[in-house]
Amino acid sequence: MSFKLTAPLLRRLEKAARAAAKASYSPYSKFRVGSAVLTGSGKIYSGANIENASFGLANCAERTAIFCAASHGERKLRCVVVYTPTPLPTMPCGACRQVINEFGPHAAVISICDSGERLETTLDRLQPVAFGPKNLKG
Ligand code: THU
């Protein structure tokens with residue numbers, strides 16, 4: 001990683017992920033998730049999981065946050081934080097790992113919850129040998 005994820009910056013990201021979970025729309029699973037991402041420009045974007053009566057259309061919190069960042073022109077992810085109000089931390093699902101890879105193949109991925117437990121890793125450890133933009137080049 002070529003940037004410093006300082007303790008105050010990490011605290012801001014964690015706070016944003018916790019706050020985002022409050023807006024979770026999860027009437028079917030009742031599983032609230034909030035996410036906050038740090039982009040190449042140094043900005044933080046956040047999002048929650050948004051479910052649908054057609055269950056398969058649920059959008060995970062990570063993807064909501066990443067699509068929000070991308071919609072603001074951001075093209076690089078430095079860090080993705082996931083928060084769930086659970087005793088165990090939640091890691092991004094396979095679909096979200098693929099979406100993180102698009103903009104942050106080396107991004108830090110940090111999962112926090114309501115116990116002291118946390119997981120800290122990187123996208124390339126979660127999704128080694130990923131399919132990505134480079135594979136579509138001739
Ligand atoms: N979910 C997320 O938002 N992020 C994850 O990393 C795992 C799962 C959501 C999708 C669905 O709304 C609910 O959690 C239960 O799977």
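Counting convention: from 1, in listed order, for ligands and their atoms alike. For this chain, numbers begin at 1 and follow the sequence in order.
For V33, no nitrogen or oxygen atom sits less than 3.5 Å from a nitrogen or oxygen atom of ligand 1, counting backbone and side chain alike.
Formation of a donor-acceptor pair under 3.5 Å by the N49 side chain with backbone atoms of F31 is found in this model. For S24 (side chain) and A20 (main-chain N/O), no donor-acceptor pair under 3.5 Å exists by modelled atom type. Side chain of T64 to main chain of A48: a donor-acceptor pair is present (N/O by atom type, distance under 3.5 Å, no hydrogens or angles). With hydrogens and angles disregarded, a donor-acceptor distance shorter than 3.5 Å links the side chain of R32 to the backbone of A21.
Every atom of ligand 1 is numbered from 1 in the order shown, and the set under 4.0 Å from a heavy atom of S29 is 13 (C), 15 (C). Residue P92 has at least one heavy-atom neighbour below 4.0 Å for each of these atoms of ligand 1: 6 (O). Taking every heavy atom of E51 and a limit of under 4.0 angstrom, the matching atoms of ligand 1 come to 11 (C), 12 (O), 13 (C).
In this structure, atom 4 (N) of ligand 1 lies nearest to the protein heavy atom E62 OE1, 2.9 Å. Ranking the protein heavy atoms by distance from atom 1 (N) of ligand 1 puts C60 SG, 3.6 Å first. Nearest non-hydrogen protein atom to atom 3 (O) of ligand 1 is A61 N, 2.9 Å. Of the protein's non-hydrogen atoms, the one nearest atom 7 (C) of ligand 1 is T90 CG2, 4.0 Å. Ranking the protein heavy atoms by distance from atom 14 (O) of ligand 1 puts F31 CD2, 3.3 Å first. Of the protein's non-hydrogen atoms, the one nearest atom 9 (C) of ligand 1 is N49 ND2, 3.6 Å.
A distance of 13.0 Å separates CD of E117 from CD1 of I112, quoted to the nearest 0.5 Å.
Using a 4.0 Å cut-off between charged nitrogen and carboxylate oxygen, D124 and R97 do not count as a salt-bridge pair. Using a cut-off of 4.0 Å between Lys/Arg side-chain N and Asp/Glu carboxylate O, R12 and E14 are scored as not salt-bridged.
Within 6.0 Å of atom NZ in K22, 12 or fewer heavy atoms from other residues, nucleotides or ligands are found, so the atom counts as exposed in its surroundings.
Ligand 1 lies less than 4.0 angstrom from a heavy atom belonging to M91.
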